[in-house]
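As structure tokens, the structure follows; a few thoughts come after it.
Owing to the predicted nature of the structure, the values given are computational and were not obtained by experimental measurement.
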Amino acid sequence: MPAEFVEVLDGQGLRRKTTPDETRGMINFSCRSPYANAKSISEVGRNVLGLDNAECLSRFGITVGKMLLTVQGRQLTAPTIVYKDGKQPNRDKIITTRDGEWNMESVRVFRPGRAIERWFWITIDYNGKWAHSKYDQISSNIDAWVAFLRSQGIAIPGKPLTGYDPRVTIQRSVTDPIRAVFKQMSPQRPQFVFVVLPGKKTDTPIYNEVKRLGDVEFGYLSQNILQSNLLKNNLQVYANLGLKVNLKMGGINHRLREDVTIVKQHPTMVVGYDVTHPTNLSGNTSGLPSLVGLVASIDEHLGQWPSASWAQQGKVEMLSEALEEAFKDRLKLWQQHNKRLPECIIIFRDGVSEGQFKTVLEKELPFIRNACKKIYPANQSPKISLIVSVKRHQTRFYPTDPNNMVNSRNIRNGTVVDRGVTLAGTWDFFLTAHKGLQGKL
């Protein structure tokens, strides 16, 4: 059937992953204020459900109130962030946070990672008349960015490796021109490469190839930056990217003050794990495995989270005995850094529904306990807290007081609701961990 004679009916589900442009357009189109969403629920929703003239409900003497349920909440005090002072590196600098944000001006990382002794940079552009027309400005701003990294306390020489042309031009193949310059630099054994993307947030194929070539094929750590952001010479952007660079080199960007008492008073390891299933893929996904990712802290600063990953049967959420081996490795790594085993273990399990809570306790928790039994002495065992994170729920909270809302009119980050609308059989709570920039959380 010729495409010109085909008409796609409205309301058809998209069976593939949306592109970055499509995702951004969908968010912008569907974004509404929290007030508008609450009004739709309490007014339009009532009409759709027919709650005002529900004959069936009236027979039983049941009426549905017109106001949303009001529940009691509380706001957690934000933890205090500590960096090193940018002017006096031997002194700590206390950072005041506001709505989960803070200024990175005049601060140094708390603990620098390994020194970056050999690095180079490339700037990628598409083939055309104006390709690399801003090369001189990009080169100058790379120097400024690296100088800023040094001011953050990151050990890196001011000049890159030489003997190559940083300009990479994309014509037909994305991979070949990037691989060529990576291979050219290989004899100098670089540790890090800074990559300037053309400046479009839809450059996903280029980004993916940079990471694949750097991480898998050549062993170069990499940090990407959009050309538009680099040319602005924005120090806040430099600071945020500098934090990523330091983490990749094994450093600790900041620490918490004595706010999280369980971590400060008792040796505590924090763990998180989730399962990713093969979805939103074009073609036949039968036979594809699901991937498990597990991270765990290594000290009280909670600044580094070495990971473990493995594959299991596709579309299976519950973990197998592979969890036991991975957990043993995390315990050994924590012991290696602290010369002892943790007294407390806090585990965040993501990706399961309320109906699977019992399965997690009966199937997965025993693997974790078995791992502890094989690592800990016979007379010692850790205290374990298992927290299941459920993000995809239909509960929505709206502030009743303007003093308890952020600029987007959402509730403040750190808001906790643990009564009135929570499960009776578990220690259930709702937590808004970060502020909603737009729409409704």
Inset, instruction - Ignoring hydrogens and angles, state whether a donor on the side chain of Lys211 or Ser222 is under 3.5 Å from an acceptor on the partner side chain. - result: yes
Inset, instruction - With sequence neighbours excluded, give me every side chain to side chain donor-acceptor pair (under 3.5 Å) pair touching residues 291-314. - result: none
Inset, instruction - Answer with yes or no whether the side chains of Asn410 and Ser408 bring together a donor and an acceptor at under 3.5 Å. - result: yes
Inset, instruction - Decide yes or no on side-chain hydrogen bond (donor to acceptor under 3.5 Å, both in side chains) for Lys134 and Gln227, but give the supporting numbers first. - result: CA-CA 9 Å; Lys134 299 179 180 179; Gln227 183 185 117; 4.5 Å; no
Inset, instruction - Find the distance between NZ (Lys435) and OG1 (Thr415) and round it off to the nearest 0.5 Å. - result: 13.0 Å
Inset, instruction - Return yes if some donor-acceptor pair links the side-chain N/O of Thr268 with the main-chain N/O of Ile262 below 3.5 Å, else return no. - result: yes
Legend entry - Heavy-atom neighbours of Asp52 CG exceed 12 at 6.0 Å: yes
Legend entry - Any donor-acceptor N/O pair, Asp274 side chain to Gly293 backbone, under 3.5 Å: no
Inset, instruction - Would you check if Ile178 and Val195 make a side-chain contact, meaning some heavy-atom pair closer than 4.5 Å? - result: no
Legend entry - Over 12 foreign heavy atoms within 6.0 Å of CG, Asn28: yes
Inset, instruction - Please identify each residue that fulfils side-chain contact (heavy atoms from CB on, under 4.5 Å) with Asp176, with sequence neighbours left out. - result: Ser173, Arg179
Inset, instruction - Answer whether the closest heavy-atom distance between the side chains of Phe367 and Leu319 falls below 4.5 Å. - result: no
Inset, instruction - Taking the six-membered ring for Trp and the full ring for Phe, Tyr or His, determine whether the centres of Phe110 and His254 are under 6.0 Å apart. - result: no
Inset, instruction - Please examine the side chains of Val271 and Trp334, heavy atoms only from C-beta on, and report whether any two atoms are closer than 4.5 Å. - result: no
Legend entry - Heavy-atom donor-acceptor pair, Tyr376 side chain to Ala371 backbone, under 3.5 Å: no
Inset, instruction - Decide whether Tyr238 and Asn233 meet the rule of one side-chain donor and one side-chain acceptor closer than 3.5 Å. - result: yes
Inset, instruction - Give the intermediate values and the outcome of salt bridge (Lys or Arg N to Asp or Glu O under 4.0 Å) for residues Glu101 and Arg98. - result: CA-CA 5 Å; Glu101 300 175 347; Arg98 179 176 176 80; over 6 Å; no
Legend entry - Reported CG-to-CZ distance for the pair Leu423 and Phe357, which is rounded to 0.5 angstrom: 6.5 Å
Legend entry - Phe430 atom CZ, neighbour heavy-atom count above 12 within 6.0 Å: yes
Legend entry - With Tyr220 via ring-ring contact (aromatic ring centres under 6.0 Å, His included) - residues at least two apart: Phe120, Phe182, Phe218
Inset, instruction - Could you grab the distance from atom CE of Met405 to atom CZ of Arg412, nearest 0.5 Å is fine? - result: 9.5 Å
